[in-house]
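To start, the structure itself, in C-alpha cells.
A, B, ... follow the sequence lines: proteins, then strands. Residue 1 opens every chain. Because only heavy atoms are used, hydrogens play no part in the values below, and waters and symmetry mates are left out as well, while side chains stay in.
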There are 2 protein chains.
Amino acid sequence: MTHYRSAMASSTVEDYLKQILLLSAAGDELVSMGDLATALDVVPGTATTMVKALAAEGLVTHRPRYGVNLTAEGRRVALGVIRRHRLIETFLVNVLKMDWTEVHAEAELLEHAISDTVLDRLDALLGHPAADPHGDPIPTRHGKVDAQVYATLATCLLEKPLRIVRIVDQSPQFLEFAEQSGLRPGELLRVTDRNLAAGLVTVRKGPARAVTLGLAAAGHILVAPER
Amino acid sequence: MTHYRSAMASSTVEDYLKQILLLSAAGDELVSMGDLATALDVVPGTATTMVKALAAEGLVTHRPRYGVNLTAEGRRVALGVIRRHRLIETFLVNVLKMDWTEVHAEAELLEHAISDTVLDRLDALLGHPAADPHGDPIPTRHGKVDAQVYATLATCLLEKPLRIVRIVDQSPQFLEFAEQSGLRPGELLRVTDRNLAAGLVTVRKGPARAVTLGLAAAGHILVAPER
DNA sequence: CGCGTTATTTTGATTAGTCAAAATAAATCT
DNA sequence: AGATTTATTTTGACTAATCAAAATAACGCG
Ligand SMILES: [Mn+2]
Ligand SMILES: [Mn+2]
Ligand SMILES: [Mn+2]
Ligand SMILES: [Mn+2]
C-alpha cells in the first residue's frame, strides 16, 4: 500500500528539475537560486540545500554562488515531468472540457501521480498532440521537444498577419485576460501599433476589436507569421 | 508551486483513514493495529504512532491495546478517498480501456492527486456510475454509500441462478484468476457443488464450463439471486 | 492462578523537506 | 579601492513518516 514512481524521484525532486529546465528556457544558462526558490515558493536556503542534494545524485551541476543546471539525466527526468504535465492539461481541456485558464494547477499535482501506462493511453486517446492548450510543446516519450523560436507581440513585425502559437504565462489572471481579449492560441491578428516609450502594444483581430497591452504582457504571447 | 488538497490531509493520512474504513467492513468494529499495519505495509509501531496522531486530530478514536475506528469526520474523509479511488478505476477501464485487473494500483496513487473539480467532470463523463469495475459501490459526493449485503459463492444457495455483483479482492493475481475463469461482475452462473470438508466450491456458467475454487476464494465473490 | 505466547506500545534513530536567521561572498556604487 | 547593498550559503531547528528493538499488556492454556 506504499506508493512509488519509476526509479524513484519524489514529487519535490521532480518539481525542482522541471523548474530548472523551464527557467533555463530549454537552454543551458545557469539558473539562480533566487529564481529557483521563487518559482518553487521556498526560501533561498532551501533551494541551495536541495540543489546540493540533487548534485550529489547526479541530476544537476551546481556552480556555488552562480547557479545550477541540469545533467543529461536530470533533463531526461524533467522532460518526463513536462510531458506528463502537458498531456494532462490537454486531456483536461479536450476531454473533460475544463477551462484552459485553470488546468495548470490541476496538472501540477497529477503530473507526479500518473504512470507511464496511463500516460500512453491518454496520449493515444488525444491523438498524440504536439502542443497543450497553451501552445506549449509536448515532449515525446523519448525526450524530443520542439525547440522552435517564435517572435512575440513585443518583437514581431507591424501590420503583418500573425497567428498566436503559444502563451508563455501559466497564471490564471493572465490567462483569463488573454481569454477575455480573444488572445488564444490559434487566433489570427496583427499588431497595429507599438510604442516602446510608453511600453504599449496594440493588436487587432480583423477590422473590429482592438486590444492594448503592456510590453511585458505582449512578450508572453508568441506568434508566427501567417500565410 | 507547492501542492495541496482541500483542508489538507496528506496522502498518508488519507490512506490510513481509507484502510481503517475498509478493514472495519463499513461497520464499526475496531480495527487492530496489526491488520492496519499489514494493510498499509508498515511495522505495527508505525501504525500505533500514526493512529495516536490521527486521534489527536479528531479523525479516529483509539482504544489503546484494542483497536481504532473512525470518527464521523474521519469517515467523511475516508469516503471521499474511496469515491475518488473508485471513480478513477472506472475511468481507467471505461474510457482508457485498461484492464480491470491492473487499475487498482494506478488509482492508489491518483486518488490523492485529483481535485473535486476534475472528479465531478469525470463522474459526469462516466454517467454517475454506482459501482466500479470490480463491483465496489461508489460513494456519492455526500458520502452516501450502498451498504447492501450480498451472499458469496461460499454461502449462497446451490443450483439457483446467480449474478456476480462484486469481487472483494484487489490483488492482480486473484483478479486475473477471476478474469480467466469468467468470474467477472455481471456474469451469470450457479453453484453446483459445495464441499465444506474439502473446502471446495464448483460453479457452472450454462451447461458448459465448470470452475472449482477454494472456499476462501469463493468468499471473495459476491452474488445476488437472478430472476 | 501463573506462565508463556502474541500483539501493541514505547523509545531512540533516521530521512526528506522545510524555515529563520546568521555568515559569507559577489556585485555595485561612490 | 573601500564601503554598501544584494544574493547565496550555512547553521540550527522543526515536522511528518518511518523502522528496529526493547518494554509492556492482554490472552490463552494447563
Ligand atoms: Mn508539480
Ligand atoms: Mn501548459
Ligand atoms: Mn493511496
Ligand atoms: Mn475497485
Side-chain angles (χ1 to χ4, degrees), chain A residues 1-5 7-20 23-24 29-69 74 77 81 108-109 111-113, chain B residues 1-5 7-20 23-24 29-69 74 77 81 108-109 111-113:
Chain A
M1 183 119 311
T2 311
H3 311 314
Y4 21 66
R5 152 153 294 291
M8 219 44 240
S10 69
S11 30
T12 303
V13 166
E14 289 190 337
D15 278 338
Y16 272 84
L17 296 175
K18 180 182 68 169
Q19 216 51 247
I20 292 167
L23 289 173
S24 69
E29 318 100 60
L30 289 183
V31 174
S32 76
M33 290 305 129
D35 289 355
L36 184 56
T38 302
L40 291 161
D41 196 28
V42 295
V43 301
T46 300
T48 300
T49 305
M50 190 66 201
V51 162
K52 289 207 304 180
L54 295 175
E57 300 244 334
L59 293 165
V60 304
T61 55
H62 182 206
R63 279 206 52 210
R65 233 90 211 189
Y66 289 91
V68 63
N69 62 20
V77 175
V81 182
E108 201 51 54
L109 212 29
E111 66 190 0
H112 311 292
Chain B
M1 182 121 307
T2 311
H3 312 312
Y4 22 69
R5 154 152 293 292
M8 219 46 243
S10 69
S11 32
T12 304
V13 166
E14 289 190 337
D15 278 337
Y16 272 85
L17 296 175
K18 180 183 68 167
Q19 214 52 246
I20 292 167
L23 289 172
S24 69
E29 319 99 59
L30 289 183
V31 174
S32 75
M33 290 305 128
D35 289 355
L36 184 56
T38 301
L40 291 160
D41 196 28
V42 294
V43 301
T46 300
T48 300
T49 305
M50 189 67 200
V51 161
K52 289 208 302 179
L54 295 176
E57 301 243 333
L59 293 165
V60 304
T61 55
H62 182 205
R63 280 204 52 206
R65 232 89 212 191
Y66 290 91
V68 63
N69 61 20
V77 175
V81 182
E108 201 53 54
L109 212 27
E111 66 190 359
H112 311 292

Output a table of nitrogen or oxygen pairs between the protein and nucleotides 20-24 of chain D separated by less than 3.5 Å.
residue	atom	partner	partner atom	Å
D:dT24	O2	B:Arg65	NH2	2.6

message = Just the rounded figure in Å: distance from C1' of D:dA17 to CE of B:Met8.
response = 14 Å
task = Please determine if a side-chain N or O atom of B:Ser10 lies less than 4.0 Å away from the OP1 or OP2 oxygen of D:dA16.
result = no
ask   = Within the pair B:Tyr16 and D:dT18, is there a side-chain N or O less than 4.0 Å away from OP1 or OP2?
value = yes
ask   = Hey, does the side chain of B:His62 come within less than 4.0 Å of C:dT8's phosphate (OP1/OP2), counting only N and O?
value = no
What donor-acceptor contacts under 3.5 angstrom involve side-chain atoms of residues 51-66 of chain A, with partners at least two apart or in another chain?
residue	atom	partner	partner atom	Å
A:Thr61	OG1	A:Asn69	OD1	2.7

If you restrict it to nitrogen or oxygen atoms, what contacts under 3.5 Å exist between nucleotides 4-6 of chain C and the protein, and what is each distance?
none

ask   = Is there a residue in residues 51-61 of chain A whose heavy atoms reach under 4.0 Å of DNA chain C, and which residues are they?
value = none
query = At how many degrees, to 10°, do the end axes of the helix from C:dC1-D:dG30 to C:dT30-D:dA1 meet when each uses five pairs?
reply = 10°
task = Sequence neighbours left out, what passes side-chain contact (heavy atoms from CB on, under 4.5 Å) with B:Ser10? Give chain and number order.
result = B:Thr12, B:Val13
note = Atom CE of B:Met50 and atom P of D:dT18 are separated, to the nearest Å, by 7 Å
query = Considering only D:dT18, C:dG17, D:dT9, which nucleotide approaches the side chain of A:Val13 most closely?
reply = C:dG17
query = Can you name the side-chain contact (heavy atoms from CB on, under 4.5 Å) partners of A:Thr48, sequence neighbours left out?
reply = A:Met33
key: Rounded interatomic separation in angstrom, taking OH from A:Tyr66 and C1' from C:dA25   = 9 Å
ask   = For B:Leu40 and D:dA16, what is the distance between atoms CG and C1' respectively, to the nearest whole Å?
value = 15 Å
